[in-house]
Amino acid sequence: MTANIYRTHHCNELRPEHIGQTVTLSGWVNSARDHGGVIFIDLRDREGMTQVVFRPEENPETAQASHHLRDEDVIQLTGKVSKRLEGTDNTNLATGQIEIVVSGFTVLNKSSVLPFQLDVELSNEDLRLKYRYLDLRRPRMNRNLRLRHKIVKAARDFLSSKENDFVEVETPILSKSTPEGARDFLVPARLNPGKFYALPQAPQQYKQLLMVAGLEKYFQIARCFRDEDLRADRQPEFTQIDIEASFITEEDIYRLVEGLLKEMFQAAGHMNIPLPFPRITWKEAMDRYGSDKPDTRFGNEITDLCDVFAKSEFKIFRNTLDNGGVVRGVNAKGFAGITTGQMIRLNEVAHEVGLPKEVKQLAFIKYEGGEFKSPLWKFFTDEEKAALIKKVNLEEGDIVFFVAGPWESTCTILGRVRLEVAAMMETTKNSSALNFLWVYDFPLLAFSEEDQKWNAVHHPFTRPKSEDMHLLDTGSAGTLAGQSSNAAKGGSAPSLAQIRAVAYDVVLNGTELGGGSLRIHESDLQAKMFGILGVSEEDQKEMFGHILEAFQFGAPPHGGLALGLDRIVMLAAGEDSIREVLAFPKNNRGQELMTQSPGVADFRQLRDLYIASTFKPKAKEEGAAPQAN
RNA sequence: GGAGCUGUAGCUCAAUUGGUUAGAGCGCCGCCCUGUCACGGCGGAGGUUGCGGGUUCGAGCCCCGUCGGUUCCGCCA
């Protein structure tokens with residue numbers, strides 16, 4: 001710290017070797033202990049705390065004035081570093097062997113009583129957000145912000161190092177709307193009446209065009225914007241570490257990102273991160289974990305039971321199997337003691353993610369007290385029972401949940417059940433494991449029943465695997481829906497659904513940290529993709545003409561990835577919400593409660609922008625006059 | 001858009017089957033206190049139980065509506 005008129009040292013600096021020196025400190029009153037005579041103050045700054053003492057017998061006027069100090073007053077004081085009295089050292093304080101005997105002080109700013117205490121956990125998040133500048137004074141929040149800085153710095157340093165040599169480039173925030181993906185935030189363009197900028201959902205096109213520009217290695221700590229509903233790990237504006245490089249393969253990306261994440265987590269104090277990360281295909285992730293972002297910190301994997309029930313006479317299983325569906329289960333080890341409430345909750349969860357309404361009750365078998373308990377048991381033959389017990393390793397105290405249906409939704413449902421059981425059993429509660437994982441070979445396309453068309457799973461610039469490239473021609477407009485249902489039944493006819501992308505996600509403990517892909521760099525292939533996605537040639541020209549044209553001027557093969565910085569910091573900090581690692585986050589409705597954004601716009605502002613709001617506030621009651629509050 | 005949880009003093013929470021004047025801790029204010037470190041002691045202030053309606057002799061508690069918060073589903077290329 002550089003000494004200046006406010007202070008010669010910070011509050012976590014003075015040690016016994018400073019005894020005898022006259023020092024000046026500035027900071028906040030963390031607590032005041034007024035004994036009537038002698039008064040103690042813990043003075044706090046961002047580095048730590050130092051006890052200061054006011055002694056009436058040495059400086060009567062100063063001591064008298066100190067009676068009026070209250071918590072969170074900002075003061076500047078001068079005094080002599082002294083050894084504490086015998087037996088009064090405080091081992092909880094780094095500066096606990098010394099204290100400052102104050103000769104004089106100034107109140108720089110008096111504090112009113114705070115709306116909440118800084119030393120007590122607060123459950124009212126509204127209040128925390130309204131007074132965020134006070135909330136951030138608390139050590140935990142202060143630590144989180146500084147941790148975030150360290151992690152970002154580690155990322156910058158790693159990518160900028162001589163060895164990696166990436167170039168940080170800023171791309172526009174005022175950008176252009178794209179048809180695919182999330183809802184855009186729009187900004188009216190005053191100089192172009194009737195037109196709008198869109199805030200970027202990601203710098204995707206810009207970074208690819210930087211590759212065409214010959215930059216070869218680009219990164220950016222990029223703010224991204226998506227106007228969708230919020231979650232604990234989703235804010236309307238968030239930060240990505242955005243990376244793109246030319247003349248590389250996915251192996252280069254894996255190696256780079258593994259090194260990068262290791263550096264970032266090490267900066268946060270997590271030292272044991274073995275490389276390389278394990279890899280799993282999307283298909284296997286779905287098969288075993290029912291998720292494209294598996295949490296591998298615990299077992300209870302999904303077991304396929306099609307062979308066990310291949311000859312089953314049980315109607316539901318029979319029909320499912322005959323229609324190309326699957327029967328699968330999850331053995332929740334040691335969860336036979338499930339409560340009624342938990343069972344109800346599990347059913348809700350299963351229905352939320354697609355268990356058909358007709359299936360009233362998630363099927364189960366539990367083995368408890370040497371007895372098999374199940375509504376289904378009576379439908380199974382002895383061979384089936386024996387095969388089942390063996391296949392899922394059903395032991396005393398276990399409960400197995402079953403789902404029968406199409407492969408993907410069956411896996412998804414069981415995957416959610418698996419996670420919910422783990423949450424109920426608090427399986428990962430005290431785990432410090434960091435299970436990094438690559439998920440690769442994602443499908444390129446998914447058929448949307450809602451839109452009745454094929455959509456890009458990752459984004460429209462994603463490169464199909466070369467061995468699947470020929471399948472791009474299997475899609476012709478009239479047969480798309482038919483192919484989709486064929487794929488859903490696990491049919492083997494050539495289908496757009498079977499095309500794999502050179503796309504990969506990096507996952508940590510069941511959270512997607514980021515994802516990327518190799519890109520299309522050929523204009524004809526890119527045009528073909530847009531065609532499959534149902535973007536008309538006219539729209540292609542209008543919305544993507546620049547990128548299609550760019551790909552005709554010597555575009556290098558390229559690819560990249562984006563990492564969700566907020567989530568990374570959240571996990572590194574051990575927090576459950578990214579709001580805890582953002583200085584000024586928004587609440588569930590996208591409001592920032594401290595400044596009260598978003599706010600209303602003045603009629604003149606709107607007029608300048610050539611826009612008018614069509615919003616009509618709901619009338620409270622018929623005939624009731626609107627009330628000001 | 002849907003579901004769960006939730007709303008009581010400045011903060012964190014309590015209040016038996018619906019039953020007297022809605023309590024506690026912390027904080028705040030006043031007085032006392034010269035070695036504390038979450039200092040201590042004594043005293044005090046502070047509440048339209050989110051809001052509106054209903055049931056009841058009686059509602060913080062039950063019912064309906066509404067508003068806010070939060071978690072999840074939908075959504076998030």
Side-chain angles (χ1 to χ4, degrees), chain A residues 30-43 49-58 63 67 70-72 84-93 95-96 99 101 112-131 178-184 201-202 204-205 224-236 238 341 344-345 348-354 412 416 419-420 423 442 444-446 448 450-451 454-462 501 503 512 515 517 529 533 562 564 576-577 579 587-589 591 593 618 620-621 629:
Chain A
N30 197 68
S31 72
R33 297 178 291 279
D34 186 340
H35 290 253
V38 69
I39 296 116
F40 298 97
I41 300 277
D42 287 337
L43 192 72
M49 270 199 301
T50 300
Q51 173 166 286
V52 302
V53 54
F54 299 84
R55 290 196 181 124
E57 67 274 22
E58 294 184 29
H67 285 296
R70 293 291 179 271
D71 286 0
E72 300 305 313
R84 288 200 180 190
L85 295 190
E86 194 65 31
T88 62
D89 285 6
N90 185 350
T91 51
N92 296 323
L93 230 51
T95 58
E99 63 191 7
V101 179
S112 298
V113 176
L114 266 45
F116 51 84
Q117 289 164 254
L118 300 185
D119 56 352
V120 177
E121 277 297 309
L122 200 59
S123 64
N124 186 341
E125 202 166 347
D126 257 17
L127 199 65
R128 291 180 59 197
L129 292 176
K130 181 174 176 189
Y131 296 100
T178 49
E180 299 239 1
R183 202 173 286 118
D184 287 313
Q201 296 176 26
Q204 183 61 36
Q205 294 188 49
C224 305
F225 306 86
R226 296 180 190 174
D227 188 7
E228 297 292 347
D229 286 3
L230 288 77
R231 288 284 190 283
D233 62 354
R234 267 166 37 191
Q235 287 268 306
F238 59 99
I344 289 169
R345 177 66 198 139
E348 281 176 5
V349 167
H351 283 109
E352 270 175 5
V353 294
T412 303
R416 278 288 305 198
L419 288 178
E420 196 63 33
F442 274 81
L444 182 72
L445 299 159
S448 163
E450 191 190 332
D451 303 340
W454 291 93
N455 285 335
V457 168
H458 185 52
H459 57 53
F461 312 104
T462 305
E512 181 192 329
S517 60
M529 268 301 295
L533 295 170
D576 291 327
S577 165
R579 292 189 297 268
N587 72 3
N588 253 359
R589 286 209 294 170
Q591 301 166 326
L593 296 176
K618 253 192 273 179
K620 283 282 177 204
E621 257 174 67
N629 47 346

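Order of the sequence lines fixes the chain letters, A, B, ..., with proteins taken first and strands second; residue numbering starts at 1 for each chain. Here the structure is a predicted model, which is why all the values come from computation and not from measurement.
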A:His351 NE2 to B:A3 P, in whole Å, measures 16 Å

Side chain of A:Arg579 only, please: which of B:G35, B:U34, B:U71 is the nearest?
-> B:U71

What does A:Asp227 touch in the nucleic acid at a heavy-atom separation under 4.0 angstrom: a base, only the sugar-phosphate, or nothing?
-> nothing

Among B:G74, B:C28, B:U34, the one nearest A:Asp229 by side-chain distance = B:G74

Reading RNA chain B 5' to 3', how would its secondary structure be written in dot-bracket notation, given Watson-Crick and G-U pairs with both distances under 3.5 Å, brackets [ ] for crossing pairs and | for partners on other strands?
-> (((((((..((((.....[...)))).(((((.......))))).....(((((..]....))))))))))))....

Side chain proximity check, A:Glu348 to A:Glu420, heavy atoms < 4.5 angstrom | no

Roughly how many Å is it from CZ in A:Arg183 to P in B:G74, rounded to a whole number?
-> 15 Å

Using a 4.0 Å heavy-atom cut-off across all strands, classify A:Gln51 as base, sugar-phosphate, or nothing.
-> base

Within the modelled atom types, does a donor on one side and an acceptor on the other bring the side chain of A:Arg231 and the base of B:G74 under 3.5 Å apart?
-> yes

For A:Arg234 and B:G74, is the shortest distance between a side-chain N/O and OP1 or OP2 below 4.0 Å?
-> no

Would you classify A:Glu99 as touching base, sugar-phosphate or nothing, given that sugar-phosphate means primed atoms plus P, OP1 and OP2, and contacts are heavy atoms under 4.0 Å?
-> base

Check nucleotides 6-11 of chain B for protein N or O atoms closer than 3.5 Å to its own N or O atoms and list the pairs.
{"from": "B:G10", "atom 1": "O2'", "to": "A:Pro115", "atom 2": "O", "distance (Å)": "2.5"}
{"from": "B:G10", "atom 1": "N2", "to": "A:Gln117", "atom 2": "OE1", "distance (Å)": "3.2"}

Side-chain polar contacts of residues 113-126 of chain A - donor-acceptor pairs under 3.5 angstrom, sequence neighbours left out - could you list them?
{"from": "A:Glu121", "atom 1": "OE1", "to": "A:Arg140", "atom 2": "NH1", "distance (Å)": "3.2"}
{"from": "A:Glu121", "atom 1": "OE2", "to": "A:Arg138", "atom 2": "NH2", "distance (Å)": "3.4"}
{"from": "A:Asn124", "atom 1": "OD1", "to": "A:Asp126", "atom 2": "N", "distance (Å)": "3.3"}
{"from": "A:Asn124", "atom 1": "OD1", "to": "A:Leu127", "atom 2": "N", "distance (Å)": "3.2"}
{"from": "A:Glu125", "atom 1": "OE1", "to": "A:Arg579", "atom 2": "NH2", "distance (Å)": "3.4"}
{"from": "A:Glu125", "atom 1": "OE2", "to": "A:Arg579", "atom 2": "NE", "distance (Å)": "2.6"}

Looking at every strand, decide which applies to A:Asp89 at a 4.0 Å heavy-atom threshold: base, sugar-phosphate, or nothing.
-> base

Closest heavy-atom contact between A:Asn455 and A:Leu533?
-> C-CD2, 3.6 Å

Would you mind reading off the distance between A:Asp34 atom CG and B:G35 atom C1', rounded to a whole angstrom?
-> 13 Å

Any donor-acceptor pair under 3.5 Å between the side chain of A:Arg416 and the base of B:C73?
-> no

Closest nucleotide among B:C37, B:U70, B:U34 to the A:Asn588 side chain = B:U70

For A:Val457, report the nucleic acid contact type (base, sugar-phosphate, nothing); a contact means any heavy atom under 4.0 Å.
-> sugar-phosphate

Spacing of A:Glu348 atom CD relative to B:G74 atom P, expressed in whole Å | 15 Å

Of the candidates B:C37, B:C75, B:G35, the side chain of A:Arg84 sits closest to B:C37

Between A:His67 and A:Phe54, is a ring pair (Phe, Tyr, Trp, His ring centres under 6.0 Å) present by the stated rule, with each step listed?
-> CA-CA 9 Å; A:His67 285 296; A:Phe54 299 84; 9.0 Å; no

Spacing of A:Arg345 atom CZ relative to B:C5 atom P, expressed in whole Å | 10 Å

